[in-house]
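Everything on this sheet refers to the single structure shown next.
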Amino acid sequence: MIDLMNSGMLNLASLAVSLLVLVIGLVLWFFVNRASSRSNEQIELLEALLDQQKRQTALLRRLCEANEPEKFEPVKPAEQVQAQEEGDDFIRLVAER
């Protein structure tokens, strides 16, 4: 009779441990699944943000190209020589030490 009670208790303890492991497994699965779905949502949001930034960059480039200032004519060599002479005149005004 004692053997039947001990084996019944052993079966009950085994069943309780099995249920506890099952509950812990389900809780872990829930949190892993939740984290996975949240990361998938974040990836989708980041991809949408990247797409929007690419469109903004393209628009900004078009705006910059449309608003480019007119190109200036290159400085003629005679004007460069005159600018250098003006620079030399200023140096001559500085007193030597």
Side-chain angles (χ1 to χ4, degrees):
M1 184 91 169
I2 294 176
D3 287 337
L4 290 176
M5 288 181 61
N6 285 339
S7 66
M9 292 294 250
L10 188 61
N11 286 337
L12 187 60
S14 168
L15 182 63
V17 169
S18 297
L19 287 176
L20 184 63
V21 169
L22 178 67
V23 169
I24 291 172
L26 287 175
V27 169
L28 287 175
W29 175 81
F30 171 76
F31 284 111
V32 168
N33 190 23
R34 182 176 165 200
S36 175
S37 64
R38 289 181 116 193
S39 64
N40 287 338
E41 289 174 0
Q42 288 178 349
I43 289 171
E44 289 175 8
L45 290 173
L46 288 172
E47 287 175 348
L49 183 64
L50 178 65
D51 184 45
Q52 186 179 18
Q53 285 178 343
K54 285 181 181 179
R55 284 187 275 138
Q56 287 177 349
T57 303
L59 179 62
L60 183 60
R61 283 185 182 159
R62 281 189 271 146
L63 286 172
C64 288
E65 290 172 359
N67 291 331
E68 277 185 357
E70 295 179 11
K71 295 183 179 180
F72 295 104
E73 296 179 12
V75 178
K76 297 177 184 174
E79 293 175 3
Q80 287 178 346
V81 171
Q82 185 180 10
Q84 287 177 353
E85 289 176 1
E86 289 174 5
D88 291 341
D89 289 339
F90 180 73
I91 291 173
R92 290 183 200 146
L93 293 175
V94 176
E96 293 183 18
R97 293 185 183 190

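Excluded from the calculations below are hydrogen atoms, water molecules and symmetry mates; all remaining heavy atoms, backbone and side chain alike, are included.
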Contacts of Arg55 that satisfy salt bridge (Lys or Arg N to Asp or Glu O under 4.0 Å) - sequence neighbours left out
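Asp51.
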Would you mind listing the cluster partners of [X]? Hydrophobic ones only (ILVMFWY), side-chain contacts under 4.5 Å, chaining allowed.
X     : result
Val21 : Val17
Leu49 : none
Leu50 : none

Between atom CZ of Arg62 and atom OG1 of Thr57, what is the distance when rounded to the nearest 0.5 Å?
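The OG1 atom of Thr57 is 11.0 Å from CZ of Arg62, to the nearest 0.5 Å.
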Give, for atom CD of Gln52 and atom CD of Gln56, the distance between the pair rounded to the nearest 0.5 Å.
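Between atom CD of Gln52 and atom CD of Gln56 there are 5.0 Å.
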Side-chain donor-acceptor contacts of residues 23-47 below 3.5 Å, not counting sequence neighbours, with atom names and distances?
| from | atom 1 | to | atom 2 | distance (Å) |
| --- | --- | --- | --- | --- |
| Ser37 | OG | Asn33 | O | 3.4 |
| Ser37 | OG | Arg34 | O | 2.9 |
| Ser39 | OG | Ala35 | O | 3.3 |
| Ser39 | OG | Ser36 | O | 2.8 |
| Asn40 | ND2 | Ser36 | O | 3.4 |

